[in-house]
There are 2 protein chains.
Amino acid sequence: MGYGNVSERRRGQPDLGVSVVILALGDAACAAPDAQAADGEWSRARLWLPLVRRVKQPFAGCWALPGGGVRADESLERAAYRALESTTRLHPRYLEQLHAFSGPDRSHGGLPMVTIAHWALVGRAETHDFASDGTVRWFAEDALDSLELAFDHRRIIDHALRRLRTRIEVPSLVARLVGPTFTLRQLHDVVEAVSGQGIDLANFRRKMLASGQLEDTGRKRREGRQRPAAVYRYVAAADPWPYAWEGERLDALDPASRGTGAGEDGVADSADDALSALMPSR
Amino acid sequence: MGYGNVSERRRGQPDLGVSVVILALGDAACAAPDAQAADGEWSRARLWLPLVRRVKQPFAGCWALPGGGVRADESLERAAYRALESTTRLHPRYLEQLHAFSGPDRSHGGLPMVTIAHWALVGRAETHDFASDGTVRWFAEDALDSLELAFDHRRIIDHALRRLRTRIEVPSLVARLVGPTFTLRQLHDVVEAVSGQGIDLANFRRKMLASGQLEDTGRKRREGRQRPAAVYRYVAAADPWPYAWEGERLDALDPASRGTGAGEDGVADSADDALSALMPSR
DNA sequence: CCAAAAGTGTTCATTTTACACCCATGT
DNA sequence: ACATGGGTGTAAAATGAACACTTTTGG
């Protein structure tokens with residue numbers, strides 16, 4: 001840094017950074033920490049995400065995705081995790097690369113920046129009741145329009161939301177979003193809320209169970225005042241799977257496997273389904 | 001560059017580069033340019049990709065993916081395209097980000113490098129009969145094992161191949177791989193070859209046609225000495241589609257739309273198929 | 001017993017698969 | 001005419017959607 005002027009440096013390497021879209025479930029009364037809703041009781045779940053208020057130019061005062069620079073001695077996922085931790089204290093159990101955003105237009109006074117966007121899912125328990133500590137604040141996904149977002153972060157968020165919506169039925173994703181244990185109805189409600197369309201509970205139940213990735217904990221949980229429902233836990237399939245989602249790596253990044261960079265969350269892709277559907281383009 | 005030693009710079013920003021896996025179809029006799037096979041006649045198509053021989057350390061003498069650095073005043077896709085052009089003279093009509101590879105282990109003497117891998121598809125016509133000009137050479141995908149590849153490029157190639165195999169039935173992809181015009185049997189043979197499994201021709205034909213993305217050119221083409229087959233062309237669906245593949249952008253990058261960075265090759269995702277299949281993980 | 005949610009069954013439509021068949025063309 | 005691939009029809013199987021029904025619980 002510090003050598004040459006900006007226009008000279010445009011021929012050199014752009015800056016490199018990571019941003020993370022962290023998604024969590026919450027109800028209407030989330031922002032305020034009057035935590036009356038115990039153990040998985042939410043009225044009409046919505047997606048929430050934490051944003052950080054910028055103090056420096058450009059976009060001072062605007063809200064931005066948590067992010068930071070990348071050090072040469074760490075992976076991008078690690079950098080994303082670190083940025084997340086230092087700004088929001090969150091420890092997602094799911095974190096995956098989303099897309100690299102680049103281009104000459106991605107500069108604001110300085111050098112253009114290449115941002116490797118990641119997305120992460122955190123369970124309710126990890127949100128610390130959506131605590132705000134001044135610079136960090138949680139926003140409901142559908143209340144973002146009124147917000148002034150920094151850079152092209154709006155686009156990045158949309159990208160992440162689109163990804164989640166098209167993959168929400170993958171058990172590993174719903175499960176991570178809803179928490180470590182859950183009833184089938186909870187799962188169902190989340191998928192319905194996120195995908196925005198009604199889903200037959202009976203069929204949903206069968207499909208999820210048929211995936212072989214849910215394990216009955218033996219425990220029961222009562223949502224309302226009626227018959228208690230079986231509590232399940234997400235458990236990965238035993239055998240290795242023939243296909244991987246886009247072949248994309250995603251580092252599990254929970255304390256156990258953190259740093260190995262090896263966690264693969266393979267998901268059966270097209271060969272059995274996605275690709276048998278012929279799709280459009282353009 | 002040029003300030004501080006390597007271990008000091010490890011705390012700074014890593015190097016940034018792009019690599020491209022270019023895939024094309026070819027038959028056994030491709031490497032040698034005895035171009036007897038005219039107009040789409042290939043015996044047992046296989047995937048081929050061009051590699052570049054490294055002249056510098058590290059990995060001098062090994063084969064590597066075409067690639068290069070990224071300038072601040074261009075997008076990653078553009079950088080990938082430029083690198084491709086300068087090393088191989090290829091002009092793919094399909095080029096998409098694949099994944100960003102990173103990590104402290106991705107250094108070889110110098111600073112660790114973050115590589116944004118891309119993948120590209122080129123039609124037969126664009127391969128210049130797989131011409132080799134000394135440093136560039138085409139290799140069949142299944143003949144790579146005997147090769148010494150530089151860096152972790154083997155992994156990147158596998159990533160691209162996996163991606164192609166799981167998406168090969170998407171009309172836009174097959175079509176781009178096979179060339180501007182084609183018969184349904186050609187398409188079929190390619191999908192069969194790439195996916196590695198037999199596909200009923202009758203059903204394949206109906207599915208492709210039902211996608212609404214193939215347009216009859218009115219012309220006929222005779223493959224053997226029998227009845228000529230209708231020649232189709234790939235044409236994107238008119239209406240915008242509700243889902244996009246992972247929401248990933250892919251820049252069309254053909255001379256017409258190049259530089260706009262706007263070409264979206266949306267592909268219906270899971271909401272109708274991929275995600276209805278419940279899948280595993282980890 | 002009633003209300004409400006858990007959980008199971010059953011039917012019907014749609015899609016996929018397998019494979020038989022007819023058609024067009026050059027020899 | 002016949003061999004060969006182009007192209008169509010169709011019945012069985014598998015999957016998915018809709019919805020009726022039984023069970024368990026607290027009041």
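Every chain is numbered from 1 and lettered A, B, ... according to where its sequence line falls, protein lines coming before strand lines. The basis for the numbers below is simple: all heavy atoms, side chains too, and nothing from hydrogens, waters or symmetry mates.
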Euclidean distance, atom [atom1] of residue [X] to atom [atom2] of [N] [Å, nearest integer]:
X	N	atom1	atom2	value
B:K220	C:dG26	NZ	C1'	16 Å
A:D189	C:dA6	CG	C1'	13 Å
B:L184	C:dA24	CG	P	17 Å
A:L201	D:dC21	CG	P	18 Å
B:I199	C:dA18	CD1	C1'	14 Å
A:Q186	C:dA6	CD	C1'	14 Å
B:R205	C:dT16	CZ	C1'	17 Å
B:R221	C:dT25	CZ	P	17 Å

Looking at every heavy atom in both [X] and [Y], which two are closest together, and how far apart are they?
X	Y	value
A:R205	A:L184	NH1-CD1, 3.3 Å
A:L121	A:L173	CD1-O, 3.7 Å
B:L187	B:M208	CD2-CE, 3.5 Å
A:Y94	A:W119	OH-CZ2, 3.8 Å

Check your understanding: Base, sugar-phosphate, or nothing for B:A230, non-hydrogen atoms under 4.0 angstrom?
Key ->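 It contacts sugar-phosphate atoms only.
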Exercise for review: Give the nucleotide from the list D:dA17, C:dA18, D:dG7 with an atom nearest to the side chain of B:D200.
Suggested key: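 Closest nucleotide to the B:D200 side chain: C:dA18.
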Review point. What nucleotide among D:dG9, D:dC19, C:dT17 has an atom nearest to a side-chain atom of B:R206?
Key: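 For the B:R206 side chain, the nearest candidate turns out to be D:dG9.
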Check your understanding: Do A:H118 and A:E77 have side chains that get closer than 4.5 Å, going by heavy atoms?
Key ->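 Heavy-atom side-chain distance check passes, below 4.5 Å.
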Practice item. Side-chain contact test, heavy atoms from C-beta onward, threshold under 4.5 Å: evaluate it for B:L51 versus B:R137 and give yes or no. Key: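 The answer is no; the side chains never approach within 4.5 Å.
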N/O donor to acceptor pairs below 3.5 angstrom from side-chain atoms of residues 139-146 of chain B, sequence neighbours left out:
unit_1 : atom_1 : unit_2 : atom_2 : d
B:E141 : OE1    : B:R165 : NH2    : 3.2
B:E141 : OE2    : B:R165 : NH2    : 3.4
B:D142 : OD1    : B:R46  : NH1    : 2.8
B:D142 : OD2    : B:R46  : NH1    : 3.1
B:D145 : OD1    : B:R154 : NH1    : 3.4
B:D145 : OD1    : B:R154 : NH2    : 3.3
B:S146 : OG     : B:A143 : O      : 3.4

Under 3.5 Å, N/O pairs linking protein and nucleotides 22-25 of chain D:
unit_1 : atom_1 : unit_2 : atom_2 : d
D:dT23 : O2     : A:R227 : NH1    : 2.7
D:dT24 : O4'    : A:R227 : NH1    : 3.4

